Amino acid sequence: MDRLVINGPAKLSGSVCVSPAKNACLPIMTACLLNPNPITLKDMPTLKDVETLRNLLESLGVKSEVDQKDIRFDAGTIESTDAEYELVRKMRASILVLGPLLARERCAKVSLPGGCAIGTRPIDIHLEGLKKMGAVIDINSGYVFAKTGTEGLVGAQIVLPFPSVGATENLMMAAVLAKGETTITNAAREPEIEDLGNFLNAMGAIVEGAGESIIKIQGVHIDKLKSVSYRAIGDRIEAATYLIAGIITNSEIEVKGFRTKDIASVCDELQSMGAVFEVAEDQIVVKKHDEIKGCNVDTAPFPGFPTDVQAQMMVLATKAITSSVIREKIFENRFMHVPELKRMGANIIKKGNLAMIEGSASLSAAPVMCTDLRASAALVLAALAAEGETVISRVYHLDRGYENLADKLSGLGVDIKRI
Ligand code: UD1
């Protein structure tokens, strides 16, 4: 099993370009199921999650071909409507095939994604929304069995009890081929939802308001959908991770290839801690700073502080000159990085969903283990700031969502090896 070996403390310099966002690419890939015409997704990141979803789509009959970084999908015929446990269990985002399959084929059998390390993550909001659109849903033997009447899904007024990202995406896609208009109220507003809306519109769907809390979708006939070539937005979470890498090592680096407005809440918080930035529309230059103060952060749905940057922020807080408080309000068990950071010298007290971080820790290298994607990114950041050689094991978690992490950090001057 691969490990990362990082020699710290690191000094970074130069420029890094982030990849298209994993969380935009995955729903866009599942949206290909709606469209019988070929679709080219440009410059796709080489990530384990993208490969896992490609395998799942292929198991449903979608043909795909890789041409360097582009992937061409052809969902001319759907051969199976069964998303099997063996493929779904590897990645929760697989549940996003449910809406498109139901819309196009009028039936679907999708394995329940089950729990995952960061929380139980139910799918009740997805299922309730689909029921409002006329789906009949039965859960049996670990599978969701869903079907529609002979007329297929019908447009509905759906009010989400919580702005779930995945549920908003599943319902938006389902509504593209439904009869009539669907309104999703209290929709998630994450930039990846806006991107999915833009992709759907580019292939002939009629979606209005994606990225806002009310989304309206006019159902269209499948014949109205057309071929499209599309590149997803830059990865705001990857960008935030590199920004924190620059700050925690007090280095000057440029992070580019993303819309800086997509991480305004993160930038505001980092600047109030004392970080110094030069911000343009699609890049940020991190400048050297004097001292970093503690933070008081609550994670929240967009435009609030993203849960996907919580672990990375906690590492920075360990180096601040004052103490910090971080509350995780999206997932119930997203502090798995805490014990590993403590092994590196961090002083963190965890109480339920609240973490109190005493600043001014002198982090030291230790053998540590990845537990989930963003927790692993936090360990890499800690290794950059720590004195000595940190060995990080189970790096397959990082491969799920950070393209070429070791090469990108090495390009910034970090002494990092993958063994
Ligand atoms: C997506 C992102 C993930 C990010 C999360 C929150 C992808 C592939 N993943 O995950 O990186 O951390 O948004 O920004 O885009 N919930 C329910 N019932 C449901 C659905 C969700 O109770 O039917 C709960 C979840 O358990 C969780 C919270 O709502 O506590 C947020 O989940 P959701 O917004 O759906 O996140 P995901 O789409 O799974």
Side-chain angles (χ1 to χ4, degrees), residues 20-31 45 47-50 52-53 56 88 90-99 110 112-132 137 139 144 158-174 184 186-196 199 210-211 213 232-233 235-238 240-241 262-263 265-266 298-313 327-336 353 372-378 397-398 400-402:
K22 166 181 89 73
N23 286 355
C25 292
L26 299 178
I28 288 173
M29 284 171 73
T30 61
L47 296 173
K48 196 77 199 149
D49 276 8
V50 168
T52 303
L53 186 54
L56 174 59
V88 173
K90 294 188 178 158
M91 186 184 61
R92 181 181 155 84
S94 307
I95 193 63
L96 296 178
V97 301
L98 179 60
V110 180
L112 285 167
C116 77
I118 64 175
T120 48
R121 300 175 91 174
I123 53 163
D124 53 318
I125 305 174
H126 302 236
L127 301 185
E128 286 309 312
L130 291 171
K131 282 186 197 164
K132 279 249 170 185
I137 291 176
I139 295 182
V144 177
I158 302 168
V159 181
L160 303 186
F162 176 85
S164 153
V165 173
T168 303
E169 292 166 342
N170 233 340
L171 298 171
M172 265 168 83
M173 292 188 280
I184 308 172
N186 196 27
R189 290 181 282 163
E190 270 67 4
E192 293 77 17
I193 304 235
E194 181 193 340
D195 206 35
L196 174 63
F199 169 75
S213 45
I233 52 169
D235 196 318
R236 65 195 169 105
I237 308 301
E238 188 191 5
T241 306
D262 292 345
I263 48 165
S265 63
V266 176
D298 283 11
T299 63
F302 191 85
F305 191 94
T307 171
D308 285 352
V309 187
Q310 177 261 108
Q312 300 90 312
M313 194 68 168
R327 282 172 219 85
E328 173 52 57
K329 296 206 154 170
I330 305 292
F331 292 108
E332 71 266 30
N333 185 26
R334 208 173 196 180
F335 280 154
M336 279 169 312
N353 72 341
D372 70 71
L373 175 57
R374 306 304 170 186
S376 315
H397 286 288
L398 283 164
R400 289 190 44 212
Y402 285 90

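In each ligand, atom 1 is the first atom listed, and ligand 1 is the first ligand listed. Small disclaimer: the values here were computed from a predicted structure and weren't measured.
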Heavy-atom side-chain proximity of [X] to [Y] below 4.5 angstrom:
| X | Y | answer |
| --- | --- | --- |
| Leu112 | Ile123 | yes |
| Phe335 | Gln310 | yes |
| Pro303 | Ser265 | no |
| Arg374 | Tyr402 | yes |
| Ile28 | Cys25 | no |

Atom indices of ligand 1 within 4.0 angstrom of [X] heavy atoms, with elements:
| X | result |
| --- | --- |
| Ile123 | 19 (C), 23 (O) |
| Phe162 | 28 (C), 29 (O), 31 (C) |
| Arg334 | 12 (O) |
| Gly166 | 35 (O), 38 (O) |

So, regarding [X] and ligand 1 (criterion: nitrogen or oxygen to nitrogen or oxygen, under 3.5 Å), is there a contact or not?
| X | value |
| --- | --- |
| Leu26 | no |
| Pro163 | no |
| Arg92 | yes |
| Glu169 | no |

* So, does Pro122 sit close enough to ligand 1 that a heavy atom of it is under 4.0 Å from the ligand? -> yes
Quick test of your reading of the structure: of Ala21, Pro27, Ser164, Ala167, whose heavy atom lies closest to atom 35 (O) of ligand 1?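 Of the listed residues, Ser164 has the closest heavy atom.
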State which residue, out of Arg400, Lys90, Arg92, fulfils the salt bridge (charged side-chain N to carboxylate O under 4.0 Å, His left out) condition with Asp49.
->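 When salt bridge (charged side-chain N to carboxylate O under 4.0 Å, His left out) is applied between Asp49 and each of Arg400, Lys90, Arg92, only Arg400 qualifies.
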Does only the side chain of [X] get under 4.0 Å from ligand 1, or the backbone, or both, or neither? Count heavy atoms.
| X | result |
| --- | --- |
| Ile330 | both |
| Glu192 | neither |
| Asp124 | both |
| Asp308 | side chain |

Check this for me: does any side-chain nitrogen of one of Arg334 and Asp308 sit under 4.0 Å from a carboxylate oxygen of the other? yes
Basic-acidic side-chain contact under 4.0 Å: Glu192, Arg236: yes
side-chain contact (heavy atoms from CB on, under 4.5 Å) filter on Ala375, not counting sequence neighbours, yields His337, Thr371, Asp372
